[in-house]
Amino acid sequence: MTPILECRDLSKSYDKGMRPALNHVNLKLQRGRIIGLLGPNGSGKTTLIKLANGLLSTKSGELLIDGKPVGIETRRIVSYLPERTYLNMGLTVMETIRFFKDFYEDFDEARAYEMLKSLHIDPGAKLKTLSKGTKEKVQLILVMSRNAQLYILDEPIGGVDPAARDYILNTIITNYNENATVLLSTHLIADVESVLDEVIFLRYGEVALHAPVDAIREENGKSVDALFREVFKC
Amino acid sequence: MLRKLLKYDLKANYLCLLVCYAVYMALTIAFSLNMRGLIRQEMFGAADSAGMVPESVWMFTTISLTVLWGGAMIGLMILTFVLIIRRFYTNMVSDQGYLSLTLPVSTRQHMLSKLISGLLFELLTTAVLVAGFIVTGWIIDILPILSRFGDLFVYMWDEITDYYGIVYYLDVAVNAVRGLLMIYFSICVGQLFNKHKVWGAIGTYLGLVIVLELFMGILALIIGFSPSGSLVWLASLTGGSWGNLIFKVVQSGVYFFLGAWILEKKANLE
């Protein structure tokens, strides 16, 4: 089966003379997995995610989604949550839902309203009147309300309170179909470890480790969080 | 998808512009009523001194309303332009670009939608400004005088178009399209810079203007435009020839396709 995401010798630099943000990365992500993309600041996580969404161009190598280069076809099957607020703040939550419904055929409006209700978010509220954490929840709801094949979530729990993190992680687990893959980047490893099937450790733009979470626990006798701290010890 | 994009592009600015149009029309009416009162007092004041308003009051209201009305007129033109540019910048290459550029829509459709909505807003603002003049003429009761200006404008237009025919009409339309696409293209180039993207866009725009002016200047010298002393000469400088028109159409095409290509293949969002 074609991997949902594949990097072939992928490199990316921002400035000449600087260390590349990604350096000859080779990766294959299979379907139906929840994968943690982990690494310290500047390790290339966000660069890889942006490349997968066509927000940056590659320097060399290839990045394929479902066997195709990044483009309109791949955008139909990828649901992306960036690390920043990317919605039009002049719209209400309801209008934003309508926007997603207009552009994404796989958007499930009922699911979005259900999640809004669970998190006590007023659909009539203007986005600019919401707190930063609530805006992030709205974005996550929109992204997870799609029936996508690949969910790419960049720091989905970074800006929300610990109480909401459990709900969000639960939302991620329960709202993706079994054949879909979730690629999740975060620093809060201990919070997400329980939901991960695989992890990718990125260091200086290179893949330091790509392994199933169970194998890590069995082979190293420690949690992913503990291994991360060991590998990336300053 | 283009229809949907257009819907959101129009929605993004229409409310702000409608409010501005309403303010402009209110100021137009206030200015016109003031002028009508002033003219009537100047003409008939001596015969009706009981209802005379002190001259200092007229002076104050006339100066204030003239400044406000003139300011509103210029402000409306600038604001329309700023809103069109801001929509493209914020929606395509700043934070909202994370959403726009990940929609299952081609960047050519994005460019086309921004172009159509921008042209519609420019057209609407022009119509509102013209309507303001007509309302002023009607209230002050100087429509016959305004119509003389209109006749002069029509005469000039006829002079030019009689000579050049349809090419001049096309030139006006192509100029509007090219102007917007040149700005959009500059923004697309500006986002290629890792830092100072706005300055990159401004620099690109100014660079294009300078290069094009130089190119056209040199071309004019080579071909040898001959000022004949008529309005036709003026037209030859601003447009009005098929060669000039084709050059502008080609430019517009380059801005459009290259801009869309940059967004598609060379996106560089912060």
Side-chain angles (χ1 to χ4, degrees), chain A residues 12-16 18 21 46-47 49-59 65 68-92 95-96 98-107 127 135 138-139 142-143 146 148 150-152 154, chain B residues 1-19 83 86-111 113-114 117 188-189 191-197 258 260-270:
Chain A
K12 170 72 187 173
S13 302
Y14 289 103
D15 287 314
K16 281 180 185 170
M18 298 284 284
T46 297
T47 300
I49 286 174
K50 282 185 181 177
L51 287 168
N53 285 286
L55 298 173
L56 287 176
S57 53
T58 54
K59 182 190 170 204
I65 307 274
K68 302 178 194 90
V70 176
I72 296 178
E73 285 306 309
T74 67
R75 287 180 207 136
R76 284 187 219 282
I77 59 168
V78 175
S79 192
Y80 167 52
L81 178 75
E83 57 180 337
R84 60 184 71 203
T85 311
Y86 68 162
L87 300 173
N88 181 348
M89 291 296 120
L91 299 179
T92 63
E95 285 168 334
T96 312
R98 213 169 296 142
F99 179 91
F100 268 67
K101 194 170 160 32
D102 271 345
F103 287 100
Y104 295 111
E105 285 174 11
D106 59 7
F107 187 77
L127 286 166
K135 280 177 201 155
V138 171
Q139 291 195 157
L142 293 165
V143 168
R146 287 185 57 197
L150 175 62
Y151 297 87
I152 301 181
D154 197 357
Chain B
M1 284 294 183
L2 179 64
R3 195 174 51 81
K4 289 174 184 170
L5 285 174
L6 203 50
K7 179 178 87 175
Y8 287 99
D9 281 334
L10 292 173
K11 265 177 84 174
N13 282 338
Y14 89 98
L15 201 59
C16 179
L17 277 173
L18 279 187
V19 171
L83 285 176
R86 195 189 68 160
R87 173 66 184 165
F88 188 88
Y89 186 83
T90 56
N91 198 237
M92 299 308 297
V93 299
S94 65
D95 285 356
Q96 283 179 35
Y98 280 74
L99 180 57
S100 302
L101 293 177
T102 52
L103 292 174
V105 176
S106 73
T107 48
R108 284 199 294 272
Q109 282 181 314
H110 276 296
M111 290 281 277
S113 170
K114 299 282 184 289
S117 59
C188 294
V189 173
Q191 65 90 42
L192 292 173
F193 292 79
N194 285 333
K195 289 171 189 166
H196 311 301
K197 290 174 189 285
L258 204 53
W261 180 81
I262 289 171
L263 289 178
E264 182 72 40
K265 301 287 183 195
K266 297 285 170 193
N268 185 34
L269 295 198
E270 269 176 44

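Chain identifiers are assigned alphabetically (A, B, ...) following the order of the sequence lines, protein sequences preceding nucleic acid strands; residue numbering begins at 1 within each chain.
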Atom CG of B/L103 and atom OH of A/Y80: how far apart are they, to the nearest 0.5 Å?
-> 13.0 Å
Part of B/N194 lying under 4.5 Å from any heavy atom of chain A | side chain
Using non-hydrogen atoms only, which part of B/L15 is less than 4.5 Å away from chain A: side chain, backbone, both, or neither?
-> neither
Inter-residue atom distance A/D102.CG - B/Y8.OH, 0.5 Å rounding | 4.0 Å
Hey, what do you get for CE (A/M89) to CG (B/D95), rounding to the nearest 0.5 Å?
-> 9.0 Å
Distance col, row B/Q109:CD vs A/I72:CD1, nearest 0.5 angstrom, shows 6.5 Å
Close side-chain approach of A/L56 to B/N268, heavy-atom, < 4.5 Å = yes
Scanning both residues in full, the closest heavy-atom pair of B/A267 with A/G54 reads CB-O, 3.5 Å
Exercise: identify the closest heavy-atom pair between B/T102 and A/N53 | CG2-O, 3.7 Å
Ranked by heavy-atom pairs below 4.5 Å to chain B, first place among A/K50, A/R84, A/R76 goes to A/R84
Taking only residues two or more places apart in sequence, or in another chain, which ones meet B/T107 in a side chain to side chain contact (heavy atoms under 4.5 Å, CB included)?
-> B/L101, B/A260, B/L263, B/E264
A/F103, part contacting chain B, at a heavy-atom distance under 4.5 Å | both
Give, for atom CZ of A/F99 and atom CG of B/L99, the distance between the pair rounded to the nearest 0.5 Å.
-> 4.5 Å
Can you tell me how far NZ of B/K4 sits from CZ of A/R98, rounded to the nearest 0.5 angstrom?
-> 13.5 Å
With only heavy atoms counted, which part of A/T85 is less than 4.5 Å from chain B, the side chain, the backbone, both or neither?
-> backbone
Side chain to side chain contact (heavy atoms under 4.5 Å, CB included) partners for B/K265, two or more places apart | B/W261
